[in-house]
Amino acid sequence: MFYGIDDGHDAVKIVNGKTLYVPSRVLSGHYPYLSITSEENESFLYEVNGHRFTVVEKPSINAGHRFLQTRTDDFPFSDLNLVLVYHALLRAGADGECSICTGLPFNQYFIESGQKNRNLLDKKKLSFEREVIALNSNTKPVIVDHRICSEGVAGYFDLKYNEDGSINEEIEDFNQKGVICIVDIGGRTTDIVTLDNEAIDFSRSTTNDIGGLWLKDNLTTKVKAKLDVNAIPDKMIDDIIRNNGIYKPKNVDVSDILAGLKMELADEIANNVKHKIKNSADISLIAFIGGGSLLLKQELQKLYSPELAKFVKDPINSNARGMLKLLKYGA
């Protein structure tokens, strides 16, 4: 079985014909979650190196829970990332031998000279060789092949290949007309990957440390100030973003605040793209992928002409789909 896994700071996206989205929410220790309306297990407990972790899929209303921080430099090879990927495999039905492809931000996958960052790649692969014990599951994924791809580049392969492995003629046409730029707006980072006839132009490619979580952090700060409270549950902020600034249970309307933050973030990302690609005269396509491009689609559409910018279908899973296609079709 093949699994493309975009193991991001905000969520893990896994694709193997079906798609699954697992928020990167983990508590240290054992926190049982027993629903009184469902018999389905909703407390996912794992152990790595003697340490126990609970993966939380449904955010609690209780603002007292403090999820472990994923925005750290060692996240790609941490216990936390390993547990989240293993959990995603279990939830996707993996049992027995499987082949996976995970990702790294562009500036972690490559070093400045354009060479692969072998030290970090080996470190991440080695971290996945450790044993994960699922304390409430009878199935056991066994990773026999683990490949790693640069985020953004994986998104390009998602565009290039159709589901059956055939070449997407539309993308080939863009390749013939000029240079393609992939803008992958994730949780913590935004990758800008510029491809000239399928060769990476490193002088016009980078990773910026800004993404969808910037919006969430700043929105949380402003909502707390508006409501004059010290803590707000993640679920409330998620609902506000999902409902365009409205939180009906508490009759909260911060749509003006949310709109301002979204436009600010879109402006900064667009400015970063403009600064990096320098001159758009030879650009045939700017393709926006990642969950942030869905969040900021309306704002970005105000900044780019429809002839130049393409917003891919289901951008949240674009990297994971590309990783799966790389595994299946041997690119």
Side-chain angles (χ1 to χ4, degrees), residues 4-9 13 76 101-117 120-121 124 147-161 167-168 170-212 266 268-294 296 300 303-304 308-326 331:
I5 306 172
D6 182 5
D7 48 333
H9 297 269
K13 286 78 67 179
C101 182
T102 64
L104 282 171
F106 181 84
N107 70 340
Q108 293 184 29
Y109 188 90
F110 294 103
I111 54 180
E112 289 184 2
S113 62
Q115 301 298 313
K116 291 181 180 180
N117 188 346
L120 185 55
L121 292 173
K124 181 169 185 178
R147 305 183 191 188
I148 304 172
C149 185
S150 165
E151 295 162 8
V153 174
Y156 170 76
F157 280 106
D158 178 43
L159 293 174
K160 176 178 177 175
Y161 289 113
I167 301 297
N168 185 328
E170 181 186 16
I171 297 303
E172 286 298 288
D173 188 47
F174 281 119
N175 271 323
Q176 296 301 316
K177 290 179 179 178
V179 175
I180 293 177
C181 180
I182 307 293
V183 181
D184 176 17
I185 308 174
R188 182 187 179 188
T189 61
T190 294
D191 282 340
I192 302 167
V193 182
T194 305
L195 297 145
D196 186 348
N197 196 25
E198 296 201 337
I200 297 172
D201 185 342
F202 283 91
S203 69
R204 303 170 82 181
S205 303
T206 191
T207 298
N208 294 125
D209 287 325
I210 192 166
E268 180 162 353
I269 289 171
N271 183 262
N272 289 338
V273 172
K274 181 179 179 180
H275 172 74
K276 197 61 189 176
I277 65 176
K278 300 177 180 65
N279 181 4
S280 63
D282 61 347
I283 302 291
S284 63
L285 173 68
I286 298 179
F288 287 95
I289 67 172
S293 68
L294 183 63
L296 303 173
L300 289 168
L303 304 174
Y304 291 93
L308 183 64
K310 176 182 178 68
F311 293 85
V312 305
K313 184 179 180 181
D314 189 18
I316 293 175
N317 295 300
S318 184
N319 274 321
R321 284 196 306 267
M323 293 168 187
L324 177 63
K325 292 172 182 177
L326 286 170

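- Checking D7, T102, D158, D184 one by one against N319, the side chain to side chain donor-acceptor pair (under 3.5 Å) holds for a single residue, D184.
- The shortest side-chain heavy-atom distance between L326 and R147 does not fall under the 4.5 Å cut-off.
- To the nearest 0.5 Å, the span separating CD1 on I200 from CG on L195 amounts to 6.0 Å.
- The number of heavy-atom neighbours closer than 6.0 Å to NZ of K177, taken from other residues, nucleotides and ligands shown, is 12 or below.
- Between E170 and K160 the shortest side-chain heavy-atom distance does not fall below 4.5 Å.
- For the atom pair L159 CG and N168 CG, the distance stands at 7.5 Å (nearest 0.5 Å).
- Within the 4.5 Å cutoff, side-chain heavy atoms of C181 are placed close to those of I192.
- The shortest distance between side-chain heavy atoms of I289 and Y156 does not fall below 4.5 Å.
- With salt bridges taken as basic N to acidic carboxylate O contacts below 4.0 Å, none links D201 and K278.
- Under the 3.5 Å distance criterion, the side-chain polar atoms of S205 are left unmatched by any main-chain donor or acceptor of V193.
- Atom CG of L285 is separated from atom CG of N175 by 9.0 Å, given to the nearest 0.5 angstrom.
- A donor-acceptor pair shorter than 3.5 Å can be found between the side chains of D191 and T207.
- At least one side-chain heavy atom of F288 sits under 4.5 Å from a side-chain heavy atom of I185.
- In this structure, K124 and I148 have side chains that are in contact, with non-hydrogen atoms separated by less than 4.5 Å.
- Partner of N208 under the side-chain contact (heavy atoms from CB on, under 4.5 Å) criterion, chosen from N272, V183, N271: N272.
- Once rounded to the nearest 0.5 Å, the distance linking CD of E268 with CG of L296 reads 11.5 Å.
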Take Y109 and L120 through the side chain to side chain contact (heavy atoms under 4.5 Å, CB included) test and state the conclusion after the steps.
CA-CA 7 Å; Y109 188 90; L120 185 55; over 6 Å; no
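- Interatomic distance, OG of S280 versus CD1 of I286, reported as 7.0 Å (0.5 Å rounding).
- Residues Q108 and E151 have side chains not in contact (no heavy-atom distance under 4.5 Å, counting atoms from C-beta outward).
- One finds the CD1 atom of I182 at 6.5 Å from the CD1 atom of I180 (value rounded to the nearest 0.5 Å).
- Ring planes of F202 and F110: perpendicular class, angle over 60° (limits at 30 and 60°).
- A salt bridge is absent between R321 and D6: the closest approach of a Lys/Arg side-chain nitrogen to an acidic carboxylate oxygen does not fall below 4.0 angstrom.
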